[in-house]
Amino acid sequence: MTQILKRINKHSITSTNMKKAMILTISILSLWSCQQKEEKQEQPNIIVIYADDLGYGDVSSYGSTELITPNIDRIANEGIRFTNGYATSPTCTPSRFALLSGIYPFRKNKAHVLPGNAPLLFDLGKQTLPSMLHDAGYFTGVVGKWHLGLGGANMDWNKDVSPGPNEIGFDYSYIMASTNDRVPSVYVQNHKVVGLDPANDPIQVSYRENFEGEPTGKEHPEMLKMHPSHGHDMSIHNGISRIGYMKGGKSALFIDENMNDDFLKESIKFVNDHKSEPFFLFYALHQPHVPRVPHPRFAGKSGLGPRGDVILEADWSVGQLFDELDKLDLADNTIVIFSSDNGPVLDDGYHDDAVTKIGKHTPRGGLRGGKYSLFDAGTRVPFMVRWPKKVKPAVSDALVCQIDFTASLAALVGQTNTTPDSENILDALTGKSDVGRESLILGQSNITAYRKGDFVLIPPHKGSKMTNKWVNIETGRDTLVQLYNLKKDKGQQHNLAEAHPEMVESLMQEIKQIQSKK
Ligand code: NG6
Ligand code: CA
């Protein structure tokens, strides 16, 4: 009996101990997981808001007096406003490619303005900004303009649209297939064209020839509500003729007037869906790229015609997104970076009053050139970083470029950058240092300029000094070498090349060295 009692006692003691041990383990585990969660939440959310063709002088925080942009200004005034912030290139595709891949566009043959049916521009398997953040535990998403190619050659838009953003590191994508002036005029959500009925009304796309019976802007100008000035006279959709031909897919075609609200709604949903985990959102606005078609709420609001109206519309959306971050109590620990893919242009292919109603507004903000140009207005753009938790408001003259987001944010989230051209300038981006990059190659393919310190060198280039009579922007190309001191001569009026031949020589050598780096 005593034996039995002893055993029972032993057993009960053991089981009480076990219970205690279990409770202790559970408490330790839950404490640990709480801590993990807290640590996880410490990782700041990251939002890159990327405008399309917005100039250095298009926002009031960069000196615009005719166009007032209070919401974009909020990022600049409550964060760091960079005076030497650059896109790598004066057009969209190469700049976006560099931002996401950390690779200079001149290293990538096809990194120039792509047609709407181009295959995906990225080599799969290489690190990108989104894949790096995904590896760091972020939920990554892109909403808005893409223009980086989709799928392979001869892609069938009625099937899975792949590879695309989801194959280069984005966990979620809701994008415009190409540009708002290029067919197909559809959105793609993850791998599917949104709203398409492939069985009953498949969509067909061609950049070579029109489809039988489909009207074009060239032949039927009476069908248009916005008329092309040059190009843009092919397939008609929503009263606007575009670049390229398409047929069918009627239920999937976007309505230009609603595009801003479509992307804003998606962005707001994205931050709500992922409010409890670190997220990265690339919110790629389509404004003020052509065709400029504001929602009726904004039509006529700027007095500068549709170009001004869509900038106000974009600014309003930035405010809406901020309101949401405030509502969700996320704004304090969310890094918001705002910039633009290239400089400004007025007539970029449609008669939309951009030229006639410009008045005193100066989109290039005292810089020379504009979109397509090697002069500074082609690539120097509004560039600002807001992160209330860690970054004090300031103005910085550091040389910073969008190509550096990957290496800089990798340093922030504890990842290793493996991209070739992105530099870690986190201290400059967060205001801890006034020093950014030492130098930067600007341009695309072999058409380049080289910024080093306060100077910019533009090597001799063949080709026209002007774009064309509509766009009417200086390309920056000259058969003579050009050297400017941007600090003393922001408008690039005084070519110092002859006065400083030794500097020209050494900068030319540096370009070659960077270009030959593997
Ligand atoms: C040009 C288009 C222009 C714009 C640009 C790309 C014509 C005449 N012009 O070829 O309208 O679409 O390409 O702009 O077709 S970007 O911002 O996407 O690089
Ligand atoms: Ca652009």
Side-chain angles (χ1 to χ4, degrees), residues 48-56 58 86-100 105 110-118 121 144-150 175-185 207 216-218 226-235 240-245 256 259 282 284-293 306-307 310-311 314 338-352 354-355 363-364 369-374 377-383 402 442-445 447 464 466-473 475:
V48 174
I49 307 177
Y50 206 44
D52 190 1
D53 297 1
L54 189 74
Y56 194 75
D58 269 327
Y86 284 85
T88 55
S89 311
T91 54
C92 168
T93 304
S95 289
R96 280 160 210 264
F97 176 74
L99 185 155
L100 292 175
K110 292 192 171 147
H112 45 72
V113 175
L114 291 174
N117 61 350
L121 188 58
K145 179 174 177 175
W146 181 239
H147 206 187
L148 289 159
L150 283 172
I175 54 169
M176 169 167 45
S178 175
T179 65
N180 39 347
D181 57 346
R182 282 175 179 74
V183 304
S185 308
Y207 273 73
T216 62
K218 192 173 185 179
M226 185 181 273
H227 292 264
S229 61
H230 60 294
H232 304 97
D233 59 358
M234 295 163 238
S235 278
I240 301 166
S241 48
R242 324 260 166 173
I243 308 172
Y245 303 101
D256 304 74
M259 189 174 283
F282 182 41
L285 302 166
H286 66 288
Q287 297 106 330
H289 195 281
V290 295
R292 298 157 182 143
V293 189
R307 185 175 185 279
V310 298
I311 293 176
F338 180 93
S339 201
S340 171
D341 67 342
N342 54 252
V345 55
L346 295 181
D347 182 342
D348 205 17
Y350 293 94
H351 293 292
D352 62 4
V355 176
R364 65 170 82 113
K371 183 176 180 178
Y372 309 111
S373 178
L374 285 174
T379 45
R380 206 198 304 188
V381 284
F383 195 123
Q402 296 153 7
L442 299 162
Q444 51 191 311
S445 54
I447 312 293
S464 173
M466 294 303 291
T467 46
N468 57 46
K469 66 173 179 182
W470 300 279
V471 171
N472 197 24
I473 288 173
T475 62

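Whatever order the structure lists ligands and atoms in, that order sets their numbers, starting from 1. Only heavy atoms go into these numbers, but all of them, side chains included; no hydrogens, no water, no symmetry mates.
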List the steps and the verdict of side chain to side chain contact (heavy atoms under 4.5 Å, CB included) for L442 and L374.
CA-CA 7 Å; L442 299 162; L374 285 174; 5.6 Å; no
What protein heavy atom sits nearest [atom], and how far away is it?
atom: atom 9 (N) of ligand 1; result: H232 CE1, 3.7 Å
atom: atom 10 (O) of ligand 1; result: R182 NH2, 3.6 Å
atom: atom 8 (C) of ligand 1; result: H230 CD2, 3.4 Å

So, taking the atom named [atom1] in [X] and the one named [atom2] in [Y], what distance separates them when rounded to the nearest 0.5 Å?
X: D352; Y: D347; atom1: CG; atom2: CG; answer: 7.0 Å
X: S185; Y: R242; atom1: OG; atom2: CZ; answer: 4.5 Å
X: N180; Y: Q287; atom1: CG; atom2: CD; answer: 8.5 Å

Going by the atom numbers of ligand 1, which of them fall below 4.0 Å from some non-hydrogen atom of [X]?
X: H289; answer: 4 (C), 6 (C), 12 (O), 14 (O), 16 (S), 17 (O), 18 (O)
X: T91; answer: 19 (O)
X: D52; answer: 17 (O)
X: D348; answer: 3 (C), 4 (C), 11 (O)
X: K371; answer: 4 (C), 5 (C), 6 (C), 14 (O), 16 (S), 17 (O)
X: I243; answer: 15 (O)
X: V290; answer: 11 (O)
X: N342; answer: 17 (O)

How are the rings of F282 and Y50 set relative to one another: parallel (under 30°), tilted (30 to 60°) or perpendicular (over 60°)?
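Tilted: the ring planes of F282 and Y50 meet at 30° to 60°.
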Checking T93 now: which residues fulfil side chain to side chain contact (heavy atoms under 4.5 Å, CB included) with it, not counting sequence neighbours?
L114, L121, H147, L148
Holding to side chain to side chain contact (heavy atoms under 4.5 Å, CB included), I want the full list of residues that pass it with P344, two or more places apart in sequence or in another chain.
D58, R307, P363, R364
Does the pair Q402 and T88 meet the rule for a side chain to side chain contact (heavy atoms under 4.5 Å, CB included), with working shown?
CA-CA 7 Å; Q402 296 153 7; T88 55; 6.0 Å; no
Between K145 and ligand 1, which residue portion shows a heavy-atom distance shorter than 4.0 Å: side chain, backbone, both, or neither?
side chain
Where's the contact between Y372 and ligand 1, heavy-atom distance under 4.0 Å: side chain, backbone, both or neither?
side chain
Are any of the N or O atoms of D181 closer than 3.5 Å to those of ligand 1?
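Between D181 and ligand 1, an N or O pair is found under 3.5 Å apart.
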Hey, does D53 come in under 3.5 Å of ligand 1, counting only N/O atoms on both sides?
yes
Take every heavy atom of C92, measure it against each atom of ligand 1, and state whether any distance is under 4.0 Å.
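The answer is yes: ligand 1 sits under 4.0 Å from a heavy atom of C92.
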Side-chain contact test, heavy atoms from C-beta onward, threshold under 4.5 Å: evaluate it for T216 versus Y245 and give yes or no.
yes
Quick check on the 6.0 Å ring-centre criterion: do H232 and Y350 meet it?
yes
Sort by chain and number the protein N/O/S atoms that are closer than 3.0 Å to the Ca ion (ligand 2), and list them.
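Listed by chain and number, the atoms are D52 OD1, D53 OD1, D341 OD1, D341 OD2, N342 OD1.
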Audit row: Y372, T475, side chain to side chain contact (heavy atoms under 4.5 Å, CB included) steps and yes/no
CA-CA 6 Å; Y372 309 111; T475 62; 5.9 Å; no
Nearest heavy-atom approach of A354 to R292 is CB-NH1, 3.5 Å
Once side chain to side chain donor-acceptor pair (under 3.5 Å) is applied, do any residues pair with N342, and if so which ones, sequence neighbours excluded?
D53
